[in-house]
Structures are given as C-alpha cells and as structure tokens.
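Before any comments, here is the structure.
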Amino acid sequence: MNHFRGILLFVMTAILLVIRGRIAVAGDGPLSKLAFHREGKEFRFDTGVLKGTLGEGGKSFGIRPVTHIASGVQIAGAYGILSPYRILTSDARFGTAAWDWASKSELLADGAVNVRWLPDKEHPLEMKGVYRWAADNTLDLQLTVSPQRNLRRLEVFVASYFNGFPASLACVQQPVSEISSCRFMEAIKSGGDWQMFPRDDTAATICRDGRWARPPHPVTWKIMPRLAVPLALRRDAKSGLTAVLMSRPNDCFAISMPYGDEGHRSVYLSLFGNDLYARQDVSASVRLVIGTDITDDRAMELYRAYTKE
C-alpha cells in the first residue's frame with residue numbers, strides 16, 4: 001500500500017509540474033510554454049505572449065530578439081534584455097563587458113537555462129545566471145557569484161536595452177509629508193543625460209568611488225532622488241506596452257538610465273554592492289514583466305507580489 005501511494009504521489013506531482021509548464025518537453029505545445037528549447041547554441045522560447053531567443057549566436061546578450069506576439073512589436077534593443085554588462089569593484093573593472101566574457105550554457109530539467117562564466121585572467125570570479133519563465137510575460141534572472149579572492153563592493157551591472165519604449169521611470173521616495181511612500185519619477189533630459197537612482201547614501205558613495213571613470217566608455221552619473229524600492233518602468237505609448245524591471249532591496253543598490261528618449265533606451269540594475277570574500281557564494285535576482293497598459297499602481301502590485309515569493 002505504501003509503495004502504491006508513493007507511485008501515485010510521484011505521478012500527481014509530475015502532472016502538476018507539466019500543467020505549470022515547467023518541464024522541458026519537446027515541441028511547441030502548451031505543455032512547454034514556459035520552457036526554453038535548445039536549438040544549436042541558442043535557446044528559443046514561445047510563451048504565447050512573448051517569443052524570441054536567449055543567447056543569440058551563443059553570446060550572453062540576455063534575450064534578443066524578443067517579439068510581443070499579439071502586437072508584433074519587437075521589444076529588445078541591440079544588446080538585449082537582462083544582460084549582465086559591467087563587472088566592477090572599488091578597485092577594478094573586470095574586462096570590458098560580460099558580453100565578451102566566455103560563457104557556457106545548459107538547459108535545465110525544468111526548462112530554465114543556466115549560463116556560467118568561469119574565472120580567467122581578467123575575471124577573478126565565477127558567475128552563474130539562471131533564466132526562468134515565472135509566467136508567460138514574466139522572466140526571472142538569478143545571478144550567483146563566487147569570488148576567487150576578496151572583492152571590495154562588487155557590482156554586477158545588469159543591462160536591458162529596448163526598441164522604442166521612450167518613457168523611462170524609477171520608483172523614488174516621496175517626502176515624509178506625502179500620503180504615499182513612493183512615486184514614479186520620469187527621467188527627462190533636463191535631469192541629465194545619465195541618471196542614477198541610488199538606494200541610500202552608501203549606494204551613492206559607491207557610484208562616486210571612481211569605478212565609473214575607468215575606460216572604456218566612462219560615465220558621469222547625475223545622482224537622483226533615492227529609490228523607494230528597486231523598481232523601474234519603460235513605457236511605449238504607441239503600442240501600449242510597458243516593461244517592468246524589479247529586484248529586491250537587499251539585492252539591488254541602484255537603478256540607472258539615460259533620459260527617456262535618449263538613443264540607448266536602457267535601464268540598468270546595480271546588483272550586490274557589498275564586500276565579498278573568496279569562495280563566498282552570493283545571489284541576487286531580477287524580474288522582467290512585459291504587459292499592456294500597466295499603470296503605476298499595477299506595477300507596485302506586481303512588485304509586492306514578487307517580494308512576497
């Protein structure tokens with residue numbers, strides 16, 4: 001009887017996993033909607049809402065191309081979405097970009113993709129990124145780093161570049177006198193070409209410690225009001241689409257962006273920001289949601305649901 005119950009429990013669990021779309025079965029049917037599928041060096045996806053490629057040409061450019069199926073809108077810019085970019089500390093910049101850092105990718109049993117960057121002469125750390133669909137319009141990236149030596153205030157700068165989406169906003173703190181604790185502040189040209197919204201004064205100090213003066217492509221950031229929570233939006237009024245990018249407060253110490261219709265059309269999340277020690281594994285997560293007519297209030301609801309998971 002116990003043996004029969006064990007078999008029944010196993011079968012029921014497997015059925016539930018398949019219903020949730022988390023088993024990487026072959027084909028394009030409904031059972032695999034939330035799974036990536038390997039095609040050569042690339043990993044394709046079609047969730048029913050979004051379709052595209054992770055690791056185009058075997059490179060670590062995040063997801064690119066990405067199409068919103070209902071509207072036909074091409075969402076991703078030239079360097080992809082949810083793409084680890086600069087690897088910085090208070091003392092050094094490791095390589096030019098994670099795009100140039102050799103990586104290996106594998107399809108996991110649940111349909112997620114694990115990307116690994118191994119230590120080399122330019123990178124004294126190992127990094128792992130797991131991309132997993134949480135819903136048909138929601139992609140999660142969990143990054144784990146393992147330093148080979150002690151690192152001062154490590155920053156992994158995760159970039160998302162969009163095609164269109166000319167309005168860019170960050171969720172910033174309201175004055176104490178206001179009823180609401182936060183508001184969305186739009187990045188406009190009068191605020192500066194490159195704007196950084198730090199979590200707190202310590203985060204602002206990290207930005208100014210010299211890391212952004214290192215070539216290539218140094219950046220002078222305009223320090224903006226403090227974040228209420230690490231939550232940013234890119235909106236495209238023409239299509240009605242909104243891209244929502246979020247992380248947890250302990251994972252992300254700043255969100256950066258150019259003014260909205262500047263050519264990069266980008267949002268950057270600065271992860272970690274702490275002193276790390278050799279062989280100490282530390283993880284941080286980022287979530288992307290693509291939706292139609294997402295209001296500020298709805299974005300906050302999505303964020304609260306994310307932080308409760």
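Along the sequence shown, the residues carry numbers beginning at 1.
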Side chain to side chain, [X] and [Y], heavy atoms closer than 4.5 Å:
X: Val113; Y: Arg38; answer: no
X: Thr205; Y: Arg153; answer: yes
X: Tyr161; Y: Tyr268; answer: yes
X: Pro225; Y: Phe197; answer: yes
X: Leu50; Y: Ile63; answer: no
X: Leu108; Y: Arg132; answer: yes
X: Leu88; Y: Trp212; answer: yes
X: Met185; Y: Leu169; answer: no

What are the two closest non-hydrogen atoms of [X] and [Y], and how far apart are they?
X: Ala112; Y: Val130; result: CB-CG1, 4.1 Å
X: Gly260; Y: Arg234; result: O-NH1, 2.7 Å
X: Pro249; Y: Arg199; result: O-NH1, 2.6 Å
X: Leu143; Y: Pro84; result: CD2-CG, 4.1 Å
X: His68; Y: Ile75; result: CB-CD1, 3.8 Å
X: Ser283; Y: Gln142; result: CB-NE2, 4.1 Å

Would you say the side-chain atoms of [X] pair up with the backbone N or O of [Y], donor to acceptor, closer than 3.5 Å?
X: Trp101; Y: Leu118; value: yes
X: Arg235; Y: Ile294; value: yes
X: Ser32; Y: Ala35; value: no
X: Asn137; Y: Ile290; value: yes

State whether [X] and [Y] are salt-bridged, where the test is any N-O pair (Lys NZ or Arg NE/NH1/NH2 against Asp/Glu carboxylate O) under 4.0 Å.
X: Glu301; Y: Arg298; value: yes
X: Asp296; Y: Arg183; value: no
X: Asp261; Y: Arg265; value: no

Side-chain H-bond candidate by donor/acceptor type, Asp281 with Thr144, under 3.5 Å |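 Note: Asp281 and Thr144 side chains miss the donor-acceptor criterion.
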Ser90 and Arg211: side chain donor to acceptor below 3.5 Å =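 On atom types as modelled, these side chains qualify, holding a pair under 3.5 Å.
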Determine which pairs satisfy side chain to side chain donor-acceptor pair (under 3.5 Å) with at least one residue from residues 247-258, sequence neighbours left out, and list them in order.
->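 Counting only pairs at least two positions apart or across chains, the side chain to side chain donor-acceptor pair (under 3.5 Å) contacts touching residues 247-258 are Arg248-Tyr306.
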Output, in order, the C-alpha distance, side-chain angles, deciding distance and verdict of side chain to side chain donor-acceptor pair (under 3.5 Å) for Trp99 and Ser83.
-> CA-CA 8 Å; Trp99 308 324; Ser83 172; 2.5 Å; yes
Side-chain heavy atoms nearer than 4.5 Å, only ILVMFWY residues, links allowed to pass through others: does that put [X] and [Y] together?
X: Leu241; Y: Leu231; answer: no
X: Val115; Y: Leu34; answer: yes
X: Val289; Y: Phe184; answer: yes
X: Leu125; Y: Phe272; answer: yes
X: Val156; Y: Trp117; answer: yes

Working for side chain to side chain contact (heavy atoms under 4.5 Å, CB included), residues Ser168 and Val267 = CA-CA 8 Å; Ser168 191; Val267 175; 4.0 Å; yes
With Met224, which of Met196, Met257, Gln195 fulfils side chain to side chain contact (heavy atoms under 4.5 Å, CB included)?
->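 The option that passes is Gln195.
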Let me see the working for Met127 and Ile87 under side chain to side chain contact (heavy atoms under 4.5 Å, CB included), right down to the final yes or no.
-> CA-CA 10 Å; Met127 186 167 69; Ile87 313 296; 4.2 Å; yes
So among Phe162, Trp194, Phe165, which one has a ring pair (Phe, Tyr, Trp, His ring centres under 6.0 Å) with His264?
->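 Going through the options one by one, the only one that passes is Trp194.
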Show me the side-chain donor-acceptor pairs of residues 51-58 shorter than 3.5 Å, one per line, residues at least two apart or across chains.
from	atom 1	to	atom 2	distance (Å)
Thr53	OG1	Arg44	NE	3.3
Glu56	OE1	Arg64	NE	2.6
Glu56	OE1	Arg64	NH2	2.7

